[in-house]
Every structure is written in structure tokens, then in C-alpha cells.
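Down below is the structure, laid out as C-alpha cells.
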Amino acid sequence: MAQRFIDEIKRTHSCGELTAKDIGKTVVLFGWVHSRRDHGKAVFIDLRDRAGVTQVVFEPRFDEKAHELAGELRLEYVLGLRGVVESRGGNVNPKLPTGEIEVHVSELEIFNRSEPTPLLVEDEIDTDEQKRLAFRFLDLRRPVMQKALITRSRINQITREHFAGSGFLELETPFLVKYTPGGARNFLVPSRMSPGKFYALAESPQLFKQLFMVAGFDRYFQIVRCFRDEDLRLDRQPEFTQIDVEMSFVTQDEVFTAVEGLIAKIWKELLGVEIELPLQRMEFDESMRRFGNDKPDLRFGLEHVELTEVVRGHDGGGVPMLKEAVDAKGIVKAIRVPKVHSLSRKDLDELEKDAKGMGAKGLARAKIGEGGEWTQSPLAKSITPELRGAINAACGAEPGDLLLFQFGREAMVHAVLANLRLILGKKFGMIPPYGSGGQWRFLWVVNPPLFEFDEEAGTWVAAHHAFTRPHDEDVEYLETDPGRVKCYRYDLVLNGFEIGGGSIRLHKPDVQQRVFKALGISPEEAQAKFGFLLDALKFGAPPHGGIALGMDRVAMLVTGAASLRDVVAFPKTQKGTDLMTGAPGDVDDRQLAELHVKRSLE
RNA sequence: GGGGUGGUAGUUAAGCUGGUUAUAACGUCGGCCUGUCACGCCGAAGGGCGCGGGUUCGAGUCCCGUCCACCCCGCCA
């Protein structure tokens with residue numbers, strides 16, 4: 001049997017589009033009850049769909065049956081209705097785009113009723129995230145979430161327009177791949193047809209997109225899901241989406257240009273913001289020196305001050321801890337907190353606790369006195385006036401300022417001070433709020449070292465993937481001084497988030513062999529692990545390079561979302577579970593037997 | 001693996017230094033209401049405080065353990 005609405009009466013408008021120009025029209029709206037105001041003889045309902053909210057009114061004089069039924073309406077009931085668009089006269093609601101009009105309802109159908117919802121479908125409700133995730137289908141009804149996902153959809157569309165419009169092919173790569181070592185932990189998928197063997201879920205299409213270049217496709221892009229079995233953060237989900245790009249016969253600058261064009265379009269269309277191109281660039285070394293990491297948030301200062309040479313020049317300046325640090329090839333750095341930002345003893349104790357949580361031994365500090373002397377400092381007694389003066393000068397310290405020090409292993413000092421800088425920036429309110437203008441600080445971080453020294457293993461390891469092209473002028477140091485070799489690797493950073501990264505690839509087999517050698521990887525081992533790519537390089541691989549953008553992170557920043565979870569329709573919790581479906585879940589023994597897998601849990 | 005924050009009616013929260021029947025708002029239920037848009041008014045139901053131990057005459061309130069969520073370090077580009 002045909003139902004009156006849907007089958008016979010079709011929707012004419014969304015709930016977000018009716019304005020004064022539609023007055024007099026008979027319209028059909030479908031949507032959810034967003035709120036109700038029942039005055040007995042007049043019932044006002046705000047009807048919501050993804051386009052917006054429209055006030056509809058039920059009165060006996062419009063239709064008695066509809067008015068009677070309207071008394072039963074509750075939040076989140078799903079309705080179909082027909083009525084006439086009328087002016088609100090003197091009762092305009094300026095908060096709504098549709099606030100000039102209302103619909104006087106002559107016919108109503110309740111498609112479905114709703115139990116009281118476990119969370120309110122409203123933007124400003126600060127609901128426990130546990131509940132939001134468990135009832136994600138309701139959470140996703142909230143207008144902010146709908147806007148976020150609509151924005152995300154637009155980013156995908158703009159990406160396709162941008163790349164397809166400049167000669168890129170959208171090609172797909174497999175998710176079920178062979179495990180290759182290095183990088184992130186992979187999710188593993190047991191093979192039914194190959195007993196005892198496993199696929200890995202691709203952590204990125206990296207090797208495949210390079211093979212596309214070898215195959216001659218020249219310019220490739222893909223909006224692709226990637227999988228990494230690593231711990232989650234607010235900007236990390238185990239499955240996430242990359243805008244993956246690879247190009248042949250290009251320089252680093254040409255890769256940048258392709259990406260910058262996309263970034264500019266996204267910001268222009270979705271935020272109305274003109275991004276000035278080309279984007280700022282910074283050497284990796286400079287980023288480490290000034291900010292202690294390779295993804296600096298440039299929206300505020302509190303930069304690190306490098307003091308290692310100063311301290312060494314004074315041979316520790318009478319402070320045993322400083323002397324030990326520089327003698328052991330450690331570094332010394334400080335952050336100057338200007339006088340205007342006061343930190344209580346309690347604040348400092350908390351900061352010290354944070355620092356210790358990140359591997360610091362403590363948090364030495366010094367308050368600068370009127371004559372440049374140090375107070376409230378464990379270093380004050382032993383330090384020589386000469387070193388103290390030199391440090392003050394290096395930091396540009398004024399009376400009333402506070403210096404916070406770290407010294408010791410370089411990696412530790414950087415990690416601690418980089419995080420301390422962020423903590424202080426937030427604490428002092430130095431980070432501009434979303435939407436305040438001038439807050440989009442993009443940055444290319446370029447030319448990092450090809451290798452980093454693994455102190456535990458006592459060997460050089462690839463800082464990135466092992467197919468990154470070293471700078472030509474550094475190739476001669478591959479064997480003699482690996483730490484000095486820089487490479488064509490680049491990260492795109494926005495406001496402290498890494499939103500993209502890539503490299504120009506090594507396409508020459510001989511240099512590749514030398515890189516493997518420097519990494520202590522034998523030819524046999526290399527062949528076993530990356531054989532198919534090495535083979536490919538032998539058969540006329542073009543020079544190529546590319547980048548991958550973290551699409552979810554871009555969406556998060558564009559929408560001003562507080563977490564990646566707010567731009568992912570169905571995200572995982574920090575433990576990687578799905579509170580709505582219960583994934584990961586149990587499977588029965590027969591399924592496992594078929595896969596030749598046994599549980600080792602009790 | 002480690003550090004931190006939180007878990008109280010359907011929802012969001014309050015509950016100070018442990019003390020009679022655990023508060024409020026929204027929602028829900030019943031009644032009234034023709035201009036509301038945080039509608040209003042009258043009335044009602046609804047939880048025993050994540051879970052398990054313990055201390056105590058007495059525990060949301062203190063202690064221990066545990067689970068879950070979130071933030072961070074490690075890990076991850």
C-alpha cells in the first residue's frame with residue numbers, strides 16, 4: 001500500500017532554504033523534531049534536517065487533524081508535512097536563516113517516533129565522549145557534526161577537482177599487502193588460503209605509488225585509507241585518510257607547488273581565507289634549534305635558546321651538572337619566560353612534574369634579579385658570574401624574567417623543552433583562538449638528515465623510509481660521516497600539526513645500495529624485504545617524488561575541531577575500540593581454525 | 001609500559017573538611033495555555049553515586065584494587 005508521504009507527496013525543499021521570497025508557496029518538508037513549543041491551540045515545532053531548521057506551526061484553523069497529532073510530537077520524531085510558507089510578521093527570529101518565515105501545516109505524518117535520546121541533539125551540549133561514541137548515529141545528527149562531515153566531503157571533492165584538473169590520475173592501490181619492516185606497526189590479516197601466512201594492512205601506498213611512477217603513470221593521486229597499529233592520540237586514529245600524491249620528473253619545489261595550490265583552494269573555498277603562496281620554509285636544523293621539534297607551532301614565541309657552546313666556553317661555569325652535560329656530548333637549552341607571564345611556585349612544580357614525565361631529571365630555573373643575579377634557582381649559588389652573565393645575554397633576559405633550563409641528551413632536551421613550550425603557550429593564552437584571523441601558520445620543514453643515530457642499537461637508522469634521496473653534495477659522506485647527510489625530505493606543518501610529509505625518492509640502484517650499506521642492511525636482506533621495489537629500480541625508474549597529506553588532520557584544522565574524532569564519522573577510542581559496534585570482537589574457534597590461527601590467551 | 005583528569009537520575013552537572021529520606025536544570029509522564037523560538041504555569045515519576053574490596057557507629061565523600069573514557073610520554077610521520 002502506498003503511503004501518503006514519500007510515495008505520493010515528494011519533498012520540495014530542505015529545512016534550510018525557505019526565505020521571504022517563498023511566501024505563499026505550498027511546500028513539503030521532511031525532517032526531525034529539533035524542539036517544540038506547545039501552546040495548546042498553537043504548536044510550534046523546529047524541524048531539522050542537514051540543511052538547517054525551519055519553524056512549522058500547527059493550529060486548528062490550518063488543519064484540525066494535523067494540530068491534534070502535533071500534540072503527540074516529541075524530540076527527534078521524524079516527520080513529513082505539507083503546508084504553506086507564511087511571513088512571521090513581527091515575530092522574525094534573527095538567529096535562523098529561515099527566521100523570516102514559518103510553515104503553516106495542513107497535513108502531517110509521523111514517520112517514526114523516538115524514545116528519549118541518551119544525548120541531546122544540540123551543538124553546545126558538552127556530552128561525555130563515551131556516550132557520543134556509543135550512540136554515534138545520534139551524535140552525528142548534531143548540526144556541528146554534520147557541518148564537519150560536509151566540510152570533509154568538500155575537501156575530498158576539491159582535492160579531486162584540483163588534481164584531476166592538473167593531469168593527475170586517480171589510481172588505487174591494495175590494502176592487503178606484504179608486510180615490509182620498518183615504520184609503523186601493521187595490522188595483520190591471516191590468510192585462509194596460505195596457511196600460516198599473513199597479509200599486512202597497508203600503512204600507506206608508499207611503495208605502490210612509486211611503482212606507478214616506474215610504470216610511467218607520471219602523476220598519481222589517491223584519497224586513500226591507511227592503517228597503523230600504533231597508540232592513538234587526538235590527531236591519530238588507527239585508520240585514517242591520506243591525500244596521496246606522487247610525481248615523476250619533478251623537483252621538490254614542484255611537489256610543493258602542487259600541494260600549495262590544493263591548500264589555497266581548500267582554505268579559500270571553505271574558510272574564505274587567502275593563503276599567501278609560496279608557504280614559508282624552514283630548515284629542519286633551524287626548527288630543532290628554535291623549537292625542539294620538526295613541527296613547530298609558529299603562532300607564538302617562547303623559542304628555545306641554545307646555550308651549549310656558551311656553557312662549554314665557560315667549562316660548565318662552576319656548575320657540575322652543566323659541565324657533565326656538555327662533557328657527555330649533551331646539550332644545554334633554555335626558554336625565557338618574560339616577566340609579564342607570572343608562574344607560581346605551584347605552576348613550576350607542575351611544570352617540573354610534566355618535564356619529569358617526559359624524561360627530564362628536573363627543571364632547573366632562575367628568576368632574573370635587578371642586577372642580573374639569579375634567585376629561586378638551584379644553580380644560583382655555584383654558577384660563575386661570567387657564565388650567568390653570558391646566559392642572560394644569550395637569552396636576552398631582563399629583570400623579572402624567568403629562565404627554564406634543560407640539559408643532557410639532545411633528544412631528551414628537545415622533547416622536554418618542545419612540550420614545555422606548548423604547555424606554556426597554552427597556559428599563557430598565546431595561541432589565537434580558532435577563527436580569530438591570522439592564525440594559519442603553514443610551514444615547510446625541509447632538508448632533514450637522512451639518518452639518525454639509534455643510541456640503543458649503536459647504529460645509524462633511516463630517519464624516514466630507506467628510499468629517500470640524499471642531497472647530491474652529501475652522497476660522498478654516506479660511508480664516512482652519515483650524520484652529515486641531508487636529504488630531500490619535507491614535512492608540511494600547520495600550527496604545530498604535521499599535516500603532510502614526503503620526499504624525493506632514490507631512483508638510482510647504486511646509491512640505494514650504499515644507503516643500505518650505511519644502514520647495515522645486506523644486499524640479501526634488502527632483496528628479501530624490498531625486492532620488488534629494488535627490481536623496479538633496475539628497469540628504468542624515472543626520478544620521482546611525492547607527498548601524502550593527512551586528510552583528517554586538514555579537516556580537523558579547517559573545521560576547528562578539538563580532535564580527529566570530530567571529523568571522522570565512526571572513530572575508535574584511545575584503546576582502538578568502537579563503542580558502538582563493540583569492535584574488536586570475539587570470533588569462534590571454527591573461524592580461527594579455518595585461518596590456521598590459535599589463541600594464546602588463557 | 002608510564003604520568004594525569006574524569007565516571008553521581010535518560011542527559012548535563014552540584015554535593016565543602018565522611019553524618020538524617022542524595023540536589024538542580026533539561027528531558028520524560030499528566031494537566032493548562034494561540035505567537036513561541038532557553039515558551040510559560042501546576043503536578044508527578046525517575047538514581048543510590050562505574051565495579052569490587054576495606055577503614056568507620058556511619059562513605060559519592062577516606063584507602064586499595066579494577067574497568068571505561070579523555071589528555072600526555074613512550075610508540076607513531
Side-chain angles (χ1 to χ4, degrees), chain A residues 34-46 53-62 67 71 74-76 86 88-96 98-99 102 104 114-122 124-135 138 182-186 203-204 206 226 228-238 240 242 293-295 350 353-360 411-412 415-416 418-419 422-423 426 445 448 462-465 468 489-493 497-503 547-550 553 562-563 565 572-575 577 579:
Chain A
H34 190 59
S35 67
R36 78 184 168 105
R37 295 171 293 283
D38 185 347
H39 292 224
K41 286 288 183 293
V43 178
F44 299 90
I45 298 289
D46 287 342
V53 167
T54 298
Q55 172 165 290
V56 300
V57 189
F58 299 85
E59 290 182 28
R61 63 191 171 98
F62 306 149
H67 173 259
R74 293 295 180 273
L75 296 184
E76 300 308 316
E86 299 287 356
R88 289 217 206 172
N91 295 312
V92 165
N93 183 348
K95 291 183 205 159
L96 290 180
T98 60
E102 62 191 14
H104 291 181
S114 171
E115 294 178 18
T117 52
L119 44 90
L120 292 179
V121 182
E122 282 176 17
E124 277 130 47
I125 285 300
D126 185 20
T127 304
D128 178 20
E129 192 151 359
Q130 216 162 336
K131 236 142 223 146
R132 293 178 51 201
L133 293 173
F135 296 94
L138 291 178
R185 209 174 273 124
N186 291 86
E203 62 184 76
S204 79
Q206 181 62 43
C226 302
R228 293 182 189 167
D229 187 7
E230 296 292 346
D231 285 7
L232 285 72
R233 288 285 188 279
L234 74 78
D235 62 345
R236 280 162 33 186
Q237 281 278 307
F240 60 99
Q242 282 188 346
N293 66 21
D294 60 355
K295 46 171 188 171
E350 274 172 20
K353 203 172 171 193
D354 289 336
K356 283 180 173 171
M358 295 178 289
M412 182 280 290
V416 171
N419 283 305
L422 294 174
I423 292 169
K426 280 176 199 147
V445 176
H464 322 289
H465 77 121
T468 302
R489 156 85 209 179
Y490 31 85
D491 283 339
L492 181 56
V493 178
F497 290 93
E498 183 202 316
I499 60 169
S503 62
I547 191 167
L549 297 177
R553 287 182 185 168
S563 126
R565 293 183 300 279
K572 302 286 190 285
T573 69
Q574 195 162 54
K575 282 205 170 150
T577 63
L579 295 179

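In what follows, chains carry the letters A, B, and so on, assigned in the order in which the sequence lines appear, proteins first and then strands, with residues in each chain numbered from 1. From a predicted model like this one, the values you see are computed outputs, not experimental measurements.
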Exercise for the section: Counting heavy atoms from C-beta on, name the nucleotide in C73(B), G35(B), U12(B) closest to the side chain of Met358(A). Expected result: C73(B)

Problem - Distance between C1' atoms of U55(B) and C68(B) (Å, rounded) - result: 26 Å

Problem - Closest nucleotide among G35(B), C75(B), C70(B) to the His104(A) side chain - result: G35(B)

Practice task
Return no unless some side-chain N or O of Lys575(A) is found under 4.0 Å from OP1 or OP2 of C68(B).
Solution key: yes

Handout entry: Euclidean distance for P, C63(B) against C16(B) (whole angstrom)
Key = 14 Å

Problem - Atom pair NE2/CG of His34(A) and Leu75(A) - distance to nearest 0.5 Å - result: 9.0 Å

Handout entry: Integer angstrom distance from the C1' of U8(B) to that of U23(B)
Key = 11 Å

Completion exercise
Considering only heavy side-chain atoms of Leu579(A), the closest of C76(B), C68(B), A77(B) is C68(B)

Exercise for the section: Decide if the gap between the ring center of Phe44(A) and the ring center of His39(A) is smaller than 6.0 angstrom. Expected result: yes

Problem - U66(B) and A59(B), which share atom name P, separated by this distance in whole Å - result: 24 Å

Exercise for the section: Using a 4.5 Å cut-off on heavy atoms from C-beta on, say whether the side chain of Val121(A) contacts that of Glu76(A). Expected result: yes

Exercise for the section: Mark yes or no for a side-chain to base donor-acceptor pair under 3.5 Å between Arg489(A) and A77(B), with no hydrogen or angle criteria applied. Expected result: yes

Handout entry: N or O in side chain of Arg132(A) less than 4.0 angstrom from A69(B) OP1/OP2
Key = no

Handout entry: Nucleotide nearest Ala184(A) when distance is taken to its side chain, options G35(B), C76(B), C71(B)
Key = C76(B)

Exercise for the section: Could you check whether Thr117(A) gets within reach of a base, just the sugar-phosphate, or nothing at all, counting any heavy atom under 4.0 Å? Expected result: sugar-phosphate

Practice task
Check whether any side-chain N or O of Gln574(A) sits under 4.0 Å from OP1 or OP2 of C71(B), and answer yes or no.
Solution key: yes

Handout entry: Side-chain donor/acceptor contact of Asp231(A) with base of C75(B) under 3.5 Å
Key = no

Exercise for the section: When you get a sec, tell me which of U36(B), U34(B), A69(B) is the closest nucleotide to the side chain of Arg37(A)? Expected result: U36(B)

Problem - Interatomic distance at C1', U36(B) relative to C41(B), whole Å - result: 15 Å

Problem - Donor-acceptor pair (no angle test) under 3.5 Å: Glu102(A) side chain, G35(B) base - result: yes

Practice task
Give the intermediate values and the outcome of side chain to side chain contact (heavy atoms under 4.5 Å, CB included) for residues Arg228(A) and Phe240(A).
Solution key: CA-CA 9 Å; Arg228(A) 293 182 189 167; Phe240(A) 60 99; 3.5 Å; yes

Practice task
Heavy atoms only: give me the nearest Arg74(A)-Gly71(A) pair and the separation to one decimal.
Solution key: NH1-O, 3.2 Å

Exercise for the section: Kindly say if Ser35(A) contacts the phosphate of C37(B), meaning a side-chain N or O under 4.0 Å from OP1 or OP2. Expected result: no

Handout entry: side-chain N/O Lys131(A) vs U11(B) OP1/OP2, d < 4.0 Å
Key = yes

Exercise for the section: Would you indicate, yes or no, if C71(B) has its OP1 or OP2 atom less than 4.0 angstrom from a side-chain nitrogen or oxygen of Arg565(A)? Expected result: yes

Practice task
Output the single nucleotide from G35(B), C70(B), C75(B) whose closest atom is nearest the side chain of Glu129(A).
Solution key: C70(B)

Exercise for the section: With C1' as the reference atom in both, quote the distance from G30(B) to G46(B) in angstrom, rounded to an integer. Expected result: 15 Å

Exercise for the section: Determine, for Asp231(A) against Arg236(A), whether the closest basic-nitrogen to carboxylate-oxygen distance falls under 4.0 angstrom. Expected result: no

Exercise for the section: Look at the side-chain N and O atoms of Thr127(A) and state whether any lies under 4.0 Å from the OP1 or OP2 oxygen of A13(B). Expected result: no

Problem - Presence of donor-acceptor pair under 3.5 Å, side chain of Arg36(A) and base of G27(B) - result: no

Problem - U28(B) base / Glu115(A) side chain donor-acceptor hit below 3.5 Å - result: no

Problem - Nucleotide nearest Asp128(A) when distance is taken to its side chain, options G74(B), C37(B), U12(B) - result: U12(B)

Problem - Ring centroids of His39(A) and C39(B) base under 5.5 Å with planes under 30° - result: yes

Exercise for the section: Once you apply the 3.5 Å cut-off to both distances, tell me the Watson-Crick or G-U wobble partner of A24(B), or none. Expected result: U12(B)

Practice task
Check whether any side-chain N or O of Asn419(A) sits under 4.0 Å from OP1 or OP2 of C73(B), and answer yes or no.
Solution key: yes

Practice task
Report which part of the nucleic acid Gly183(A) touches: base, sugar-phosphate, or nothing (heavy-atom distance under 4.0 Å, all strands).
Solution key: sugar-phosphate

Exercise for the section: Would you mind pulling out the nucleotide paired to G40(B), Watson-Crick or G-U wobble, both distances under 3.5 Å? Expected result: C32(B)

Exercise for the section: Report yes if at least one side-chain N or O of Arg233(A) is closer than 4.0 Å to OP1 or OP2 of C73(B); otherwise report no. Expected result: yes

Exercise for the section: Round to the nearest Å and state the distance from Asp38(A) atom CG to G31(B) atom P. Expected result: 11 Å

Practice task
Taking atom C1' in both G47(B) and U11(B), compute the distance separating them and give it to the nearest angstrom.
Solution key: 13 Å

Practice task
Could you please name the option among A77(B), C71(B), U36(B) that lies closest to any side-chain atom of Arg228(A)?
Solution key: A77(B)

Practice task
Quote, to the nearest angstrom, the C1' distance that separates G6(B) from A13(B).
Solution key: 13 Å

Exercise for the section: From the options C72(B), A77(B), C70(B), select the nucleotide whose nearest atom is closest to the side chain of Leu234(A). Expected result: C72(B)

Exercise for the section: Choose from C71(B), U36(B), G27(B) the nucleotide whose nearest atom is closest to any side-chain atom of Asn91(A). Expected result: U36(B)

Practice task
Pick base, sugar-phosphate or nothing for Lys353(A), based on heavy-atom distances below 4.0 Å to the nucleic acid.
Solution key: sugar-phosphate

Problem - Asp491(A) CG to Lys295(A) NZ distance, which is reported to the nearest 0.5 Å - result: 10.0 Å

Problem - Pairing partner (Watson-Crick or G-U wobble, both distances under 3.5 angstrom) of C76(B) - result: none

Exercise for the section: Could you tell me whether the side chain of Arg132(A) and the main chain of Thr127(A) form a donor-acceptor pair under 3.5 Å? Expected result: no

